[in-house]
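Report on the following structure.
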Number of protein chains: 2
Amino acid sequence: MNKSEIFEDDLQDLARFAKVISHPARLAILKFLAETKTCISGDISDYLPLSRTTVSQHLKELRSLGLIHGEIDGLKINYCLCQTSIKNFVQLFDLFFEPIVSNSMYCNTVECIIEKNDTEIVSSEKID
Amino acid sequence: MNKSEIFEDDLQDLARFAKVISHPARLAILKFLAETKTCISGDISDYLPLSRTTVSQHLKELRSLGLIHGEIDGLKINYCLCQTSIKNFVQLFDLFFEPIVSNSMYCNTVECIIEKNDTEIVSSEKID
DNA sequence: AATTATTGTCGTATGTTTGCGTCATTAAAC
DNA sequence: GTTTAATGACGCAAACATACGACAATAATT
């Protein structure tokens, strides 16, 4: 049923990255790791209102993409951001959206014309 | 069961954006719209190997975040990118990742040291 | 008026994600 | 050696995502 594989590799990679960062808890973990530089999983579950088990799973997903990694230090595991990997994915994101946001062409829908002229919305022909 | 609401608004917004772009089909639709400027949903389902129904649903999700919008033109609906909205979300993304990728500090894990020195991986202490 | 074309909605089946409690493993402390 | 602490793996239940066929609504064409 899953047709994800049939799309271009770049789209798949970006989609995978987006999926991993598509949960506020995982974003919060990345942010926390950016501040603390390194910490153990217990620090994260103390900081976030989530159980140890749940945090452990979120860490697993971040690890599976290579966004973070952990080094065993006795009983503890010190986690930290993998800057290289994050930079690569951010670049993938930028490469995808750069041509989209830098495109000065607008289509002819009422909303686009409104945005272009920065005036108020008056149309009732809008979908959603 | 869903604890997403308890996180900061910025994290929730970015997570919502990431979720919408976390499917290769939706990225492909954005890319296609960027190229065609405007098109109808049938053009997209002809272009992508997905049924009309599935494309219609993906369009609905893109619309629900405001990434695209459609204007009714008789029987047809012309879809186009909403540049303003996309730019806002891209900015949210950049604001989140800028402090992370520009951070020159590295933690003490073997991987980080390796990355810093750009040499080969030798450790067996790695997790995943 | 009947037909054709374009689209969204509904229902449904299957698969994935989220969140957590319980358990097993392993290292450290006593 | 026994206990304590930190963690991942397993299993489960509820919710959500994916994909599509069938149907309904509506505008255009004949």
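Only heavy atoms go into these numbers, but all of them, side chains included; no hydrogens, no water, no symmetry mates. A, B, ... follow the sequence lines: proteins, then strands. Residue 1 opens every chain.
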Open item on the list: Would you call the rings of A/H23 and B/F7 parallel, tilted or perpendicular, taking 30° and 60° as the class edges?
Closed with: perpendicular
Open item on the list: So A/L59, base contact, sugar-phosphate only, or nothing? Heavy-atom distance under 4.0 Å.
Closed with: nothing
Please list each protein N or O that sits under 3.5 Å from an N or O in nucleotides 21-26 of chain C, with the distance.
{"unit_1": "C/dG21", "atom_1": "N7", "unit_2": "A/T53", "atom_2": "OG1", "d": "3.2"}

Open item on the list: Taking 4.0 Å as the cut-off, does a side-chain nitrogen or oxygen of A/T54 come that near to OP1 or OP2 on C/dC20?
Closed with: yes
- [ ] Mind calculating the distance between CD (B/E71) and P (C/dT7) to the nearest angstrom?
- [x] 14 Å
- [ ] Quick one: list whatever passes salt bridge (charged side-chain N to carboxylate O under 4.0 Å, His left out) with B/E8, sequence neighbours left out.
- [x] A/K31
- [ ] Could you list by number each residue of residues 40-47 of chain A showing a heavy-atom separation from DNA chain D of less than 4.0 Å, or answer none if no residue does?
- [x] A/I40, A/S41, A/G42
- [ ] Take atom NZ of B/K60 and atom P of D/dA19, then tell me their distance rounded to the nearest Å.
- [x] 16 Å
TODO: Is it possible for you to say whether A/I6 and A/L11 belong to one hydrophobic cluster, with membership spreading through side-chain heavy-atom contacts below 4.5 Å?
DONE: yes
- [ ] With the side chain counted from C-beta on, respond yes when A/T36 and A/I44 share a heavy-atom pair under 4.5 Å apart, and no when they do not.
- [x] no
Task: Which residues share a side chain to side chain contact (heavy atoms under 4.5 Å, CB included) with A/S45, sequence neighbours left out - done: A/R52, A/V55
Open item on the list: Given 3.5 Å as the limit, does a donor-acceptor pair link the side chain of A/Q12 with the main chain of A/E5, or not?
Closed with: yes
Task: Aromatic ring pairing B/F97/A/F17, orientation class (parallel under 30°, perpendicular over 60°, tilted between) - done: tilted
Open item on the list: Under 4.5 Å between side-chain heavy atoms, counting indirect links through other Ile/Leu/Val/Met/Phe/Trp/Tyr residues: same cluster for A/Y79 and A/I40 or not?
Closed with: no
TODO: Quickly work out the B/L50 CG to D/dG21 C1' distance and round it to whole Å.
DONE: 15 Å
Task: Neighbours of DNA chain C within residues 16-30 of chain A, by heavy-atom distance under 4.0 Å - done: A/K19, A/H23, A/R26
Task: Joint cluster assignment, A/L59 & A/I72, ILVMFWY side-chain distance < 4.5 Å - done: yes
Open item on the list: Using side-chain heavy atoms (C-beta onward) and a distance below 4.5 Å, is A/D10 in contact with A/F96?
Closed with: no
- [ ] Could you check A/H58 against A/N2 and say which one's nearest nucleotide on DNA chain C is further toward the 5' end?
- [x] A/N2
TODO: Whole angstrom is fine here: how far is it from NZ in B/K3 over to P in D/dC16?
DONE: 16 Å
Task: Check: B/Q57 side chain, D/dA17 base, donor-acceptor under 3.5 Å - done: no
- [ ] Using a cut-off of strictly less than 4.0 Å, decide whether A/S56 has a side-chain nitrogen or oxygen near OP1 or OP2 of D/dT7.
- [x] no
Task: Where at least one partner belongs to residues 13-30 of chain B, residue pairs that pass salt bridge (charged side-chain N to carboxylate O under 4.0 Å, His left out), sequence neighbours excluded - done: B/D13-B/R16, B/R26-B/E61
Task: Rounded interatomic separation in angstrom, taking CD1 from B/I77 and P from C/dA5 - done: 18 Å
Open item on the list: Measure NZ/A/K76 against C1'/D/dT7 and give the value in whole Å, please.
Closed with: 12 Å
Task: Polar side chain donor-acceptor pair, A/T53 to A/S56, under 3.5 angstrom - done: no
Open item on the list: Distance check needed: D/dG8 C1' versus A/E61 CD, whole Å only.
Closed with: 14 Å
Task: Between D/dA5 (P) and A/N78 (CG): distance, integer Å - done: 19 Å
TODO: Give the nucleotide from the list D/dG8, D/dA19, C/dG8 with an atom nearest to the side chain of B/Y79.
DONE: C/dG8
